[in-house]
Amino acid sequence: MAWFVGAGVALGALLIASGIASLRTGWVPPWVRRRVTRPRLFGVGALLVGTPEVVQGLLYFQSAFALSWEVRFLGGNLLTFAGLALLVAGHMLPPKAAGHRDGH
């Protein structure tokens, strides 16, 4: 079972790294590059999806403070679903129009 949790932590860490790269530089992974219209929104979503994976792994290996299962379950689900909503918004929203600040 530990390998399964460790794989989740590794994938969560990759999502966090991708989110940080998207926020800092606007970089998105190549397989979604054509479809992402707002990379910063996509980056926040990746951070919110990756964070509960890493936290759950730390709590499984007892390397972080203990929380009740309700807090872990509801908090993790809230962050994951909020992140998924932001990932979808980063794909679906139209790109920002550059240079059109005067309303014309």
Side-chain angles (χ1 to χ4, degrees):
M1 183 73 172
W3 67 270
F4 189 73
V5 176
V9 170
L11 289 175
L14 285 173
L15 276 170
I16 290 172
S18 173
I20 290 171
S22 294
L23 285 174
R24 303 238 339 138
T25 64
W27 180 86
V28 294
W31 54 88
V32 294
R33 196 165 287 154
R34 284 188 292 151
R35 294 183 297 260
V36 172
T37 57
R38 298 198 182 186
R40 301 214 189 278
L41 197 59
F42 181 84
V44 173
L47 281 173
L48 288 178
V49 171
T51 301
E53 300 298 324
V54 172
V55 170
Q56 287 294 334
L58 292 176
L59 291 172
Y60 176 79
F61 292 120
Q62 297 174 351
S63 57
F65 56 92
L67 295 171
S68 68
W69 73 269
E70 294 94 354
V71 172
R72 290 189 314 225
F73 178 74
L74 294 174
N77 284 342
L78 179 69
L79 287 175
T80 301
F81 288 130
L84 288 174
L86 289 176
L87 286 174
V88 169
H91 280 86
M92 302 298 285
L93 290 176
K96 288 183 179 179
H100 296 284
R101 296 184 184 156
D102 58 353
H104 290 61

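All figures in this text were calculated on a predicted structure; none of them were measured in a lab. For this chain, numbers begin at 1 and follow the sequence in order.
When all heavy atoms are compared, the tightest approach of T80 to P52 is OG1-CG, 3.6 Å. Shown here for L15 and G50, the closest heavy-atom pair between the two residues is CB-CA, 3.9 Å.
At a threshold of 4.5 Å between non-hydrogen side-chain atoms, the residues H91 and T37 do not count as touching. In this structure, the side chains of L78 and L74 stay at 4.5 Å or more apart for every pair of heavy atoms.
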Considering only distance and modelled atom types, tabulate donor-acceptor pairs under 3.5 Å from the side chains of residues 16-28, sequence neighbours left out.
| unit_1 | atom_1 | unit_2 | atom_2 | d |
| --- | --- | --- | --- | --- |
| S22 | OG | S18 | O | 3.0 |
| S22 | OG | W27 | O | 2.6 |
| T25 | OG1 | A21 | O | 2.7 |
| T25 | OG1 | W27 | N | 3.3 |

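In this structure, V49 is not a member of the same hydrophobic cluster as L58, with clusters built from ILVMFWY side-chain heavy atoms closer than 4.5 Å. No chain of hydrophobic side-chain contacts below 4.5 Å, direct or via other Ile, Leu, Val, Met, Phe, Trp or Tyr residues, connects L84 to M92. If you chain together hydrophobic residues whose side chains sit under 4.5 Å apart, L11 and V5 never meet in one group.
Annotation: the span from L79 atom CG to E53 atom CD amounts to 10.5 Å, rounded to 0.5 Å.
Residues meeting the side chain to side chain contact (heavy atoms under 4.5 Å, CB included) test with A89, sequence neighbours left out: L41, L93.
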For a side chain to side chain contact (heavy atoms under 4.5 Å, CB included) check, start with the C-alpha distance between F42 and L87, then their side-chain angles and the critical distance, and finish with the verdict.
CA-CA 5 Å; F42 181 84; L87 286 174; 3.4 Å; yes
